Amino acid sequence: MNLSFSKELLMKAFGQSLKKLNPGSLLHNPVMFITEIGAVITTIEWIFLAKHHPAFYAQVSIWLWLTVLFANFAESVAEARNQAQAESLRQGRVDTTANARQKDGSYKTINWKQLIKGDVVRVVAGEIIPGDGEVLEGMGSVDESSVTGESAPVIRAAGTDHSSVTGGTKLLSDELIIQISSDPGAGFLDRMINLIESAKRKKSPNEIALTILLSGLTLIFLVVVVTLQIIGKYFQIDFSVTMLVALLICLIPTTIAGLLSAIGIAGINRLMKKHVLAMSGQAVEAAGDINVILIDKTGTITVGQRRASDVAIAQKVEVSEFVRATYLSSLQDTTDEGRSIVEYLKAKYASHIPSSHAELHFVPFTAQTRMSGVDIGHETLRKGAIGAVEKFIGQPLPEELAQAAKRYAEQGGTPLVVANNKQALGVILLKDTIKDGLTQLFSRFRKMGIRTVMITGDNPITAAHIAKEAGVDDFLAEVSPEKKLETVKKMQAEGHIVAMTGDGVNDAPALAHADVGVAMNSGTQAAKEAGNMVDLDSHPTKLFEIIEIGKQLLMTRGALTTFSVANDIAKYFAIMPAILIPFFPWIRVLNVMHLSTPQSAVLSAVIFNAIIIPALIPLALRGVKMVPEKALTILRRNLTIYGLGGVVLPFIAIKLIDLAIVMLGVI
């Protein structure tokens, strides 16, 4: 069921908006707090002091209360939509048990809520994964539809960048040994629920700055109105308190003040509907200012499952020698690449695979060595990047292997060199595939003035091929985790607002320092904890939607602020003549809208001031239309639409309301 604007949701929001009439609840919104004080003052004058036109005083008071109520309603609708979304996630969290490993190595069945960070559990096919964690052993197919909404299962395996699992998801095949990475109530799904409920969300810096600006304008107009009353006393003019309060409320920016919170909450809600979890409102806003995107290649631009697809053997090396070294150096390699090499050799060179071998000492891959392999007695078998292996053997590759590596790189693959002690034996081609839709995505980024940079540990030739095929603007090759972080910091120092996407442990430092760090949900727990957004679908095309929503949030706030300030002009021309004409008939020329009476003019402006807030709620929640264009072009268009529209619409609406008031004779 779509709960966006259901009757149940609207009734709940209305109840919350009544509770928010408590002055303590309005202190976070100074403009609406002043409006409520004004409503109290006009109500007192209506009940105790009004001698003439009591219906006028009553209606002004009622419409001022409605102004506050409508502003509360806008915020409550946004909160209620998020709470409904959170509740659907909460209902999807299945109460389950966990097979927890004990100190003696046995397994005991306990409730999943008893698990703590560091516990190890066993999950078999058909069971619910009891908590967030990292796969220590095994590989299996996982149904993550309860979190992402995506029905297609995903593969999770130990020792890969796809080792992270989420509590509440279901294991469909095989068996996994998982180390729990969060305490009860602090899991990924729990954080998702807490974050999208948003009622206690922190204001972003831009939102705080705008609130201060609105408060400043309110203070200025308050001083103006008080001064007007003082001047009136000096000239023995008795201005009605209700008239002055109406003037104040119509001049202060109540429209944007009433919608400001709803705009911020709705931005997070729109991201969640796109299957992106934003850790903060600041991250959503920062996405709107991004001008450089650093995109990790493996698992982000490419599928991330490089597989062995060809080999080139050195001229003076026997096939059996190459296959033995390659097979043994990959046998204990649990990465996707290592497993694919073993599978490839079994399929293509089954007769050359050794039937037995001595005790192997496995040497895992590290970002520093960029190699992995095994030690067997006096033999050191290694496979790794070209530069790393050349350094290991102490000499350049033989010419035929260098040419083969270059050819593989030009095909967009990753050449992996195999060596035994000081001799290079051959090259393996690891080939990955680029995810769909990226060329169009990066073209849209260019239209928005955003530069895309691919970063990868691959050699420059491979990186150049992938960059060209994907359509990015630039690339950085042979980048270590430290260099990724340095690149982020350098670009930020140059004044850029930087977004970073990644999925591996080696991406975590850069993700943590980027203005917007988008971690792939399919990636490691470290990456997801480092970023301030998580892409639940794990596809880089989502990055455009993130930036689009960020820009849309900023545009919506700017557009409605422009509209709010602009329509104060029309309300000024309605209220000021109405207040002054009874005392200075010669200023009747200022009554440019030819409103019927001073009372009808004031009441028309107050009614318009109130009803424009609920009228704009759908726009605040949906956001203004986002077109991938340069910022200056968007600014000009919005100033024309919302600036000019903010001046013209109130003139027309206030005149129509005035005619209706006179026709109905309500005052």
Side-chain angles (χ1 to χ4, degrees), residues 4-5 9-10 13-14 16-17 20 26 29-32 35-36 63-82 198 206-207 210-211 213-214 217-218 249-270 281 284 288 549 551-572 574 604-626 634-635 637-657:
S4 293
F5 290 102
L9 183 143
L10 293 176
F14 180 73
Q16 288 296 320
S17 62
K20 290 176 182 288
L26 288 175
N29 191 337
V31 176
M32 300 318 301
T35 303
E36 185 172 52
W63 281 104
L64 290 182
W65 281 111
L66 288 174
T67 302
V68 181
L69 188 65
F70 290 154
N72 292 343
F73 184 70
E75 182 178 43
S76 297
V77 167
E79 292 176 352
R81 293 171 78 211
N82 281 15
S198 296
N206 285 348
E207 196 172 347
L210 184 54
T211 300
L213 174 62
L214 299 181
L217 289 174
T218 300
I249 302 306
C250 287
L251 289 182
I252 63 179
T254 51
T255 303
I256 183 60
L259 298 170
L260 186 59
S261 183
I263 293 170
I265 296 172
I268 296 176
N269 181 270
R270 286 197 297 275
V284 183
I549 290 172
K551 287 186 177 295
Q552 189 180 43
L553 186 149
L554 296 175
M555 285 170 53
T556 302
R557 184 181 297 155
L560 292 183
T561 300
T562 301
F563 180 88
S564 179
V565 174
N567 70 33
D568 289 341
I569 298 172
K571 289 181 286 184
Y572 170 84
S604 298
V606 171
I607 291 174
F608 173 79
N609 193 61
I611 64 176
I612 195 62
I613 295 176
L616 291 174
I617 288 177
L619 178 61
L621 299 182
R622 184 181 66 250
V624 301
K625 185 178 180 180
M626 176 63 201
I634 295 173
L635 177 63
R637 184 175 62 251
N638 285 346
L639 284 177
T640 302
I641 296 173
Y642 296 98
L644 184 60
V647 173
V648 174
L649 178 62
F651 275 95
I652 298 172
I654 289 173
K655 178 62 179 179
L656 292 175
I657 295 171

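Quick caveat: nothing in here was measured; it's all calculated off a predicted structure. Below, all heavy atoms of this structure are taken into account, side chains as well, without hydrogens, waters or symmetry copies.
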So L9 and V77, side-chain contact (heavy atoms from CB on, under 4.5 Å) or not? Walk me through it.
CA-CA 7 Å; L9 183 143; V77 167; 4.3 Å; yes
Start with the C-alpha distance between V606 and I249, add both sets of side-chain angles, then the distance that settles side-chain contact (heavy atoms from CB on, under 4.5 Å), and finish with yes or no.
CA-CA 8 Å; V606 171; I249 302 306; over 6 Å; no
Minimum heavy-atom distance between A74 and A262, given as atom pair plus value:
O-CB, 3.4 Å
Are side-chain heavy atoms of L214 and P30 found at a separation under 4.5 Å?
no
Decide yes or no for F563 and L649: does some side-chain heavy atom of the first lie under 4.5 Å from some side-chain heavy atom of the second?
yes
Inter-residue atom distance K20.NZ - E36.CD, 0.5 Å rounding:
12.5 Å
What are the two closest non-hydrogen atoms of F70 and A610, and how far apart are they?
CD1-O, 3.2 Å
Less than 4.5 Å apart, any side-chain heavy atom of Q16 and any of N72?
no
Residue from T67, N609, N567 passing side-chain contact (heavy atoms from CB on, under 4.5 Å) with C250
N609
Interatomic distance, CD1@I549 vs NZ@K551, rounded to 0.5 Å, equals 13.5 Å
Where the side chain of R270 meets the backbone of I265, is there a donor-acceptor pair that is under 3.5 Å apart?
no
Check against side-chain contact (heavy atoms from CB on, under 4.5 Å), I654 and K571
CA-CA 8 Å; I654 289 173; K571 289 181 286 184; 4.0 Å; yes
With a cut-off of 3.5 Å and sequence neighbours excluded, list every side-chain donor-acceptor pair involving residues 613-620.
none

Any donor and acceptor pair, going by atom type alone, linking the side chain of S76 with main-chain N or O of F73 inside 3.5 Å?
no
Quick check against the 3.5 Å criterion: does T556 have a side-chain atom that pairs as donor or acceptor with the backbone of V624?
yes
What's the spacing between N29 CG and T211 OG1 if we round to 0.5 Å?
7.0 Å
Minimum heavy-atom distance between V68 and M32, given as atom pair plus value:
CA-CE, 3.8 Å
Could you tell me which non-hydrogen atom of V31 sits nearest to which non-hydrogen atom of P253, and how far apart they are?
CG1-O, 4.0 Å
Hey, are the side chains of I607 and L66 touching, using non-hydrogen atoms and a 4.5 Å cut-off?
no
Minimum heavy-atom distance I569-V647, with the two atoms named
CD1-CG2, 4.1 Å
Drop me the distance from E75's CD to L26's CG, to the nearest 0.5 angstrom.
9.0 Å
For a 4.5 angstrom cut-off between non-hydrogen side-chain atoms, does I611 reach W63?
yes
Just how far is it from atom CG of D568 to atom CD1 of I256, taken to the nearest 0.5 Å?
11.5 Å
Just by distance, do the side chain of S564 and the backbone of L560 share a donor-acceptor pair under 3.5 Å?
no
Does any non-hydrogen side-chain atom of R557 lie less than 4.5 Å from one of L210?
yes
Closest non-hydrogen atom pair between A78 and L621, with its separation
CB-CD2, 3.7 Å
Would the number of heavy atoms belonging to other residues, nucleotides or ligands and lying under 6.0 Å from CZ of F651 be above 12?
yes
